[in-house]
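These notes concern the structure reproduced below.
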Number of protein chains: 2
Amino acid sequence: MTSTETTRAPATRQTWQRAAVRDLMERTEEFRTAQQVHDLLRKEGAKVGLATVYRALQSMAEADEVDVLRTPEGENAYRSCSRGHHHHLVCRSCGYSIEIHPEAMEQWARDIAEEHGFTDTGHELEIFGLCRNCSG
Amino acid sequence: MTSTETTRAPATRQTWQRAAVRDLMERTEEFRTAQQVHDLLRKEGAKVGLATVYRALQSMAEADEVDVLRTPEGENAYRSCSRGHHHHLVCRSCGYSIEIHPEAMEQWARDIAEEHGFTDTGHELEIFGLCRNCSG
DNA sequence: CTACTCTTGATAATGGTTCTCATGAACGCA
DNA sequence: TGCGTTCATGAGAACCATTATCAAGAGTAG
């Protein structure tokens, strides 16, 4: 908070690696794990380190540029998403997913929590199933 | 695969280790990880192996005797619970939790999924917050 | 009691994620 | 444009929860 206008947040540095990760994420519809992203980038010829992919996805998640989802296997999966809080309907076979915005459920969750004296609440909801393609 | 009527399900054998785990779980209200259960048992003087605790909790989860919950840190937490499908309201500070039975939400989740052509759906919902004690 | 088989448990292996740290690249500034 | 500071990178090690291994021990049926 100095008087000069140099008070900008450290602002993550712009590297081609981060750009590559962002670009890849914006080109795909499905959830991808860090390792998958890493593999895909290597296949495209981008020699990006695994740790870097992890870091990039992490900071993108913090910036709400991608959504994080913990798979039943315990891996973190990421997908580029619209801003704001929302949830997903995910195909457990192919990973195809749809964003859902359950305002009613959100309100209900808050109410339930408050009824029991809980504060500072958040929630996580995932609906899994088989999409039309995979169930046919 | 003999022809004799020995085809009964193996029926988990009754050991004091499994009994100890079950007993401990029934005495607690909060979610516990396998490692916590293991530590607690050792403190009580029960020399139970870690792998055994994992196995016991796993089979109890399959039998719906305990609920499984994946913590944000990626660990599995277990808590004895009533039978049937339900969700939890969990204090992120002390682990105190309340079962919730959101029939309305369940129906809504099914509807959303079907609307998008998804079949064989399931869902996971956890509401986290601070309980009265921890937020005071 | 015996025999058979499942369970146990110490330890190794697994696998996703994070840490380490030397090297290299970005950015601010002149 | 050149310099220096500082942050990002990446290869590999470390971490840590969980699972597999397998010999030894305990349950159970007969």
Side-chain angles (χ1 to χ4, degrees), chain A residues 2-24 31-63 65-66 68-78 95, chain B residues 1-2 4-24 31-63 66 68-79 95:
Chain A
T2 69
S3 53
T4 66
E5 189 34 28
T6 21
T7 15
R8 262 230 311 294
T12 56
R13 221 163 259 187
Q14 202 167 331
T15 65
W16 67 264
Q17 290 96 332
R18 279 172 131 80
V21 171
R22 169 165 304 129
D23 182 63
L24 181 73
F31 278 96
R32 299 268 183 247
T33 65
Q35 316 234 18
Q36 287 174 325
V37 171
H38 180 244
D39 288 348
L40 290 170
L41 287 176
R42 307 289 279 205
K43 272 183 199 141
E44 293 184 359
K47 298 279 186 298
V48 186
L50 179 58
T52 300
V53 173
Y54 271 100
R55 284 184 287 237
L57 287 173
Q58 241 167 226
S59 64
M60 287 173 72
E62 272 167 30
E65 293 178 46
V66 295
V68 201
L69 176 64
R70 193 175 287 273
T71 70
E73 288 75 37
E75 298 168 288
N76 285 329
Y78 302 85
Chain B
M1 306 279 186
T2 71
T4 64
E5 187 34 29
T6 22
T7 14
R8 257 231 315 296
T12 56
R13 218 165 259 186
Q14 203 167 330
T15 65
W16 67 265
Q17 289 96 332
R18 281 174 131 79
V21 172
R22 170 166 302 131
D23 182 62
L24 180 73
F31 278 95
R32 299 270 182 244
T33 65
Q35 315 233 17
Q36 287 175 324
V37 170
H38 180 244
D39 288 348
L40 290 170
L41 287 176
R42 306 287 279 207
K43 272 181 199 142
E44 293 183 358
K47 298 280 186 297
V48 186
L50 179 59
T52 301
V53 173
Y54 272 99
R55 284 185 287 236
L57 287 173
Q58 239 168 228
S59 63
M60 286 173 74
E62 273 167 29
V66 294
V68 200
L69 176 63
R70 194 175 286 272
T71 70
E73 288 75 38
E75 298 169 289
N76 285 328
Y78 301 85
R79 201 198 75 158

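Fair warning: this is a prediction, and the values are worked out from it, not measured in the lab. Every heavy atom of this structure was used, including side-chain atoms; hydrogens, water molecules and symmetry mates were not. Lettering follows sequence order; numbering is per chain, from 1.
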Could you give the [atom1]-to-[atom2] distance, from [X] to [N], as a whole number of Å?
X     : N      : atom1 : atom2 : result
A:Y78 : C:dG16 : OH    : C1'   : 11 Å
A:R42 : D:dG10 : CZ    : P     : 8 Å
A:E62 : C:dT18 : CD    : C1'   : 14 Å
B:K47 : D:dA26 : NZ    : P     : 16 Å
A:L50 : D:dA8  : CG    : C1'   : 15 Å
B:Q36 : D:dT18 : CD    : P     : 10 Å
A:R70 : D:dT18 : CZ    : P     : 11 Å
A:L57 : C:dG16 : CG    : P     : 15 Å

If you look at every heavy atom in [X] and [Y], which pair is closest and at what distance?
X     : Y     : value
B:A77 : B:T71 : CB-CG2, 4.0 Å
A:A46 : A:W16 : CB-CZ3, 4.2 Å
B:A61 : B:Y78 : CB-CE2, 4.2 Å

Exercise for review: Any chance you could lay out the side chain to side chain contact (heavy atoms under 4.5 Å, CB included) test for A:L24 and A:R32, step after step, and finish with the verdict?
Suggested key: CA-CA 10 Å; A:L24 181 73; A:R32 299 268 183 247; over 6 Å; no

From the list [options], which nucleotide is the closest neighbour of the side chain of [X]?
X     : options                : answer
A:A51 : D:dG12, D:dA20, C:dG16 : D:dG12
A:Y54 : C:dG9, D:dG10, C:dT17  : C:dT17
B:T15 : C:dT11, D:dA17, C:dT8  : C:dT8
A:W16 : C:dT17, D:dG12, C:dA26 : C:dA26

Spacing of [atom1] belonging to [X] relative to [atom2] belonging to [Y], to within rounding of 0.5 Å:
X     : Y     : atom1 : atom2 : result
A:D39 : A:L50 : CG    : CG    : 8.5 Å
B:R18 : B:D23 : CZ    : CG    : 15.0 Å
B:T15 : B:Q17 : OG1   : CD    : 4.5 Å
A:T33 : A:R70 : OG1   : CZ    : 12.5 Å
B:L40 : B:H38 : CG    : NE2   : 10.5 Å

Point to revise | Non-neighbouring partners of B:R22 that pass side chain to side chain donor-acceptor pair (under 3.5 Å), sequence neighbours left out | key: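 Checked B:R22 against side chain to side chain donor-acceptor pair (under 3.5 Å); matches are B:E65.
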
Does a nitrogen or oxygen in the side chain of [X] sit under 4.0 Å from OP1 or OP2 of [N]?
X     : N      : answer
A:Q17 : D:dG10 : yes
A:T33 : C:dG16 : no
B:Q14 : D:dG27 : no
B:N76 : D:dT18 : yes

Check your understanding: Side chain of B:R42, backbone of B:V48: donor and acceptor closer than 3.5 Å?
Key -> yes

Review point. Between A:R18 and B:A77, which is nearer to the 5' end of DNA chain D once each is assigned its nearest nucleotide?
Key: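 So the residue in question is A:R18.
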
Review point. Bend angle of the helix from C:dC1-D:dG30 to C:dA30-D:dT1 from five-pair axes at both ends, rounded to 10°?
Key: 40°

Checking all strands, does [X] fall into the base, sugar-phosphate, or nothing category for heavy-atom contacts under 4.0 angstrom?
X     : result
A:E73 : nothing
B:T52 : base
B:Q58 : sugar-phosphate

**Study point:** Any N/O donor-acceptor pair, A:R13 side-chain to D:dC7 base, under 3.5 Å
**Key:** yes

Nucleotide N/O to protein N/O under 3.5 Å, stretch nucleotides 22-24 of chain D:
none

